[in-house]
There are 2 protein chains.
Amino acid sequence: MAEKAVFYHAGCGVCVNAERQFAESLDKSKFDVEMVHLGEAPSRVAEAEKAGVKSVPAFVISGQPYHINFGANLADLK
Amino acid sequence: MAEKAVFYHAGCGVCVNAERQFAESLDKSKFDVEMVHLGEAPSRVAEAEKAGVKSVPAFVISGQPYHINFGANLADLK
């Protein structure tokens, strides 16, 4: 069964690029990717923070955060 | 045709984890992934550096670096 992977971003250039290269390119038989734009869904910032996300773009897979480069601090999206 | 993606790592825990979650999980129809262990192939550090890689684990896709979390500084692998 595909594992859940959440991709948190904020629509920034770095985010869009990471989305294209990774979020849209993961093997769909392995991961069920959900894209979350924290600027449009600020209520989910807390959930990202709890998983250890410090900045976007980042993935959370199996409860672990994976930051890809640096777009914006999570603190600045609150 | 699959695009070339190079995954640079140094065998560290953060690297192995990123390898499992990303390098082995990219859609093989989109990316042809090459894994490079810079500890075992130090002659390739310069190539990674030239592409803008500052730390491992990192991918280089279309000449752009994508750092995933932080395992070790490239400077410490020279």
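Residues B:Leu77 and B:Val60 fall within the same hydrophobic cluster, defined by Ile, Leu, Val, Met, Phe, Trp and Tyr side chains chained together at heavy-atom separations under 4.5 Å. Note on A:Val56: it does not cluster hydrophobically with A:Phe22, by side-chain heavy-atom contacts below 4.5 Å among ILVMFWY residues. The same ILVMFWY cluster, assembled from side-chain heavy atoms under 4.5 Å apart, contains both A:Phe31 and B:Val33. Hydrophobic cluster membership is shared by B:Ile61 and B:Met35, with clusters built from Ile, Leu, Val, Met, Phe, Trp and Tyr side chains linked at under 4.5 angstrom. In the hydrophobic clustering of this structure, B:Ile68 groups with A:Phe7; members are Ile, Leu, Val, Met, Phe, Trp, Tyr whose side-chain heavy atoms approach within less than 4.5 Å, directly or through other members.
Heavy atoms closer than 4.5 Å to chain A are found in the side chain of B:Phe59, but not in its backbone.
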Can you pull every donor-acceptor pair closer than 3.5 Å across chain A and chain B?
| unit_1 | atom_1 | unit_2 | atom_2 | d |
| --- | --- | --- | --- | --- |
| A:Asn17 | OD1 | B:Tyr66 | OH | 2.3 |
| A:Glu24 | O | B:Lys30 | NZ | 2.6 |
| A:Ser25 | O | B:Asp27 | N | 2.6 |
| A:Asp27 | N | B:Ser25 | O | 2.6 |
| A:Lys30 | NZ | B:Glu24 | O | 2.6 |
| A:Pro65 | O | B:Asn69 | ND2 | 2.9 |
| A:Tyr66 | OH | B:Asn17 | OD1 | 2.2 |
| A:His67 | N | B:Asn69 | OD1 | 2.7 |
| A:His67 | O | B:Asn69 | N | 2.8 |
| A:His67 | ND1 | B:Asn69 | OD1 | 3.0 |
| A:Asn69 | N | B:His67 | O | 2.8 |
| A:Asn69 | OD1 | B:His67 | N | 2.7 |
| A:Asn69 | OD1 | B:His67 | ND1 | 3.0 |
| A:Asn69 | ND2 | B:Pro65 | O | 2.9 |

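Hydrophobic cluster of A:Val14: no remaining members, since no ILVMFWY side chain lies below 4.5 Å from it.
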